[in-house]
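No hydrogens, no waters, no symmetry mates; every other heavy atom, side chains included, goes into these values. Each residue takes its place number in the sequence, starting with 1.
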Amino acid sequence: MRISVRALAAVGYLSFTGAECCGVGGPELVPEREACASFYECSLAVKAEVFVVPTFGEGPVVAVDVDPPELLEVTLDGARLALRARHPGDGVLRARLEDGTVAVAWVRAAPLATTRVVPTGATAPSGPLAIYRGGELRLLAEHLDERGDRLLGHGFETWDVAGGTLREVGAGDTGLVPSLERIAIAGDAPAMSVTARPSGTPLTFDVVPPGATAHLDLTVRGEHTSSVPLPPDRTVTLPLGTRATVTIAPFTADDRPIHGLPTTDGLAVVSTDPSVIDAQLVPATRDVTLHARAPGEADLEVRLDGQAVRFRVRSTPPEGR
């Protein structure tokens with residue numbers, strides 16, 4: 001359903017006031033499934049589509065107002081709004097919900113200057129990346145303005161790959177808007193490059209064969225601790241009943257991280273006493289989940305692509321017991 005904001009204003013459908021819209025902690029309109037969590041972080045890309053949803057409040061959106069009205073084209077799409085910026089500029093978007101509350105967003109629109117492709121959750125790389133032959137990596141198309149700042153929006157991405165293949169992200173995935181992401185699978189060629197047009201510089205990879213891993217770095221994250229390197233004494237202490245995640249990062253001889261997993265000699269983990277320390281693989285994220293099941297110690301060995309790291313995990317009773 002297309003909403004004519006001029007028509008709504010003409011019949012007096014909306015009566016927005018500062019008291020309704022701008023109180024501390026009041027409802028807001030925020031981007032849905034976008035890399036930027038708010039309009040304060042990122043501007044809208046002109047002519048791109050952006051889905052927004054209200055925070056707090058109850059019921060569907062029943063009316064919308066844009067100031068200036070010519071800035072945005074607004075379409076009601078179920079419980080969310082689809083925005084499309086017509087031209088660069090600043091404005092305010094207000095949406096009245098069925099319960100009478102008003103959600104607000106202050107928006108800015110800017111032209112798209114370029115698009116870069118980056119590994120999901122990472123910043124733009126400074127040089128060629130490495131990926132295992134047959135390895136997979138999730139990629140994100142980031143739209144940028146002329147200053148290099150990220151823009152919100154999707155709808156005009158054309159993905160292309162050389163030296164590999166691309167797979168769409170599943171519709172039920174909990175990530176970003178599907179058109180902004182792809183899964184890249186490295187082929188047998190020595191290099192792979194991925195581009196998301198309408199404009200942009202390819203993201204390039206050196207495709208490395210089995211046995212290219214020179215060393216493994218392990219990082220341990222506990223339930224209530226920040227990420228810390230594996231201690232030099234190769235011992236990790238876990239309170240009884242708690243869990244920790246060990247992330248495995250393989251590196252080439254020139255110290256570049258390698259993405260994906262090899263098709264042979266993949267990730268494996270062995271615990272000398274699973275009744276004390278249980279270790280479960282999570283191949284999709286190259287993690288091992290540790291669970292301290294009983295007091296005591298167990299030695300663990302993590303193996304990947306011909307390399308191995310051994311360390312000890314100690315399970316200790318809670319203090320005072």
Side-chain angles (χ1 to χ4, degrees), residues 1-110 112 120 140-143 145 149-157 168-181:
M1 178 177 68
R2 184 62 49 81
I3 300 174
S4 170
V5 293
R6 288 187 183 276
L8 289 174
V11 298
Y13 199 107
L14 300 178
S15 175
F16 294 103
T17 69
E20 288 178 304
C21 75
C22 304
V24 175
E28 290 184 275
L29 291 168
V30 298
E32 181 190 52
R33 300 187 73 176
E34 290 278 357
C36 298
S38 75
F39 294 104
Y40 299 104
E41 297 177 52
C42 300
S43 301
L44 294 163
V46 173
K47 298 182 180 179
E49 184 176 58
V50 176
F51 293 126
V52 300
V53 292
T55 62
F56 310 109
E58 301 206 2
V61 174
V62 296
V64 176
D65 176 64
V66 179
D67 181 22
E70 66 274 7
L71 178 65
L72 300 175
E73 176 185 306
V74 184
T75 304
L76 184 59
D77 182 8
R80 62 186 181 178
L81 298 175
L83 311 182
R84 193 177 297 272
R86 293 190 176 104
H87 58 77
D90 299 281
V92 181
L93 172 67
R94 301 180 180 89
R96 183 182 293 281
L97 307 183
E98 191 175 51
D99 65 357
T101 58
V102 177
V104 183
W106 283 261
V107 299
R108 169 172 293 176
L112 170 68
T120 300
L140 167 67
E142 288 188 339
H143 300 310
D145 64 16
D149 294 331
R150 290 165 66 179
L151 294 170
L152 290 163
H154 61 274
F156 38 45
E157 301 79 22
E168 292 187 2
V169 175
D173 192 274
T174 57
L176 305 179
V177 176
S179 63
L180 291 173
E181 293 189 289

Side-chain heavy atoms of Leu112 within contact of Val46, under 4.5 Å: no
Would you check if Leu29 and Val104 make a side-chain contact, meaning some heavy-atom pair closer than 4.5 Å? no
Applying salt bridge (charged side-chain N to carboxylate O under 4.0 Å, His left out), name anything that partners Asp67, two or more places apart in sequence or on another chain. none
Evaluate side-chain contact (heavy atoms from CB on, under 4.5 Å) for Val61 paired with Leu97, printing each intermediate quantity in order. CA-CA 4 Å; Val61 174; Leu97 307 183; 3.6 Å; yes
Nearest 0.5 angstrom please: Ser38 OG to Glu28 CD, how far? 8.0 Å
Are Val52 and Phe39 side-chain neighbours, meaning at least one heavy-atom pair lies under 4.5 Å? yes
Partner set under salt bridge (charged side-chain N to carboxylate O under 4.0 Å, His left out) for Arg150, not counting sequence neighbours: Glu142
Of the non-hydrogen atoms in Gly153 and Ala48, which two are nearest, and what is the gap between them? CA-CB, 3.7 Å
Looking at every heavy atom in both Pro68 and Gly91, which two are closest together, and how far apart are they? CD-CA, 4.0 Å
Which pair of non-hydrogen atoms, one from Glu98 and one from Val62, has the smallest distance, and what is that distance? CA-CG1, 4.0 Å
Evaluate side-chain contact (heavy atoms from CB on, under 4.5 Å) for Leu180 paired with His143, printing each intermediate quantity in order. CA-CA 9 Å; Leu180 291 173; His143 300 310; 3.8 Å; yes
Going by heavy atoms in the side chains, are Val92 and Val66 under 4.5 Å from each other? no
Criterion side-chain contact (heavy atoms from CB on, under 4.5 Å) on Leu71 and Val107, from CA distance to verdict: CA-CA 10 Å; Leu71 178 65; Val107 299; 4.1 Å; yes
Output the distance between atom CG (Leu152) and atom CZ (Phe51), rounded to the nearest 0.5 Å. 13.0 Å
Taking every heavy atom of Ala109 against every heavy atom of Ala85, the minimum-distance pair comes out as CB-CB, 3.6 Å
Closer than 3.5 angstrom, by distance alone: can the side chain of Glu32 be matched with the main-chain N or O of Val30 as a donor-acceptor pair? no
Rounded to the nearest 0.5 Å, how far apart are CG of Leu81 and CG of Leu76? 6.0 Å
Qualifying side chain to side chain donor-acceptor pair (under 3.5 Å) pairs, either residue in residues 41-51, two or more places apart: Glu49-His154
Once you round to the nearest 0.5 Å, how far does CG of Asp145 lie from CG of Leu151? 5.0 Å
Flag yes if more than 12 heavy atoms outside Arg108 fall under 6.0 Å of its CZ atom; otherwise flag no. no
So, Glu70 and His87: side-chain donor and acceptor under 3.5 Å apart, yes or no? no
Would you say Leu44 and Leu72 make side-chain contact, with heavy atoms under 4.5 Å? yes
Looking only at heavy atoms, what is the nearest atom pair of Ala141 and Glu157, with distance? CB-CG, 4.5 Å
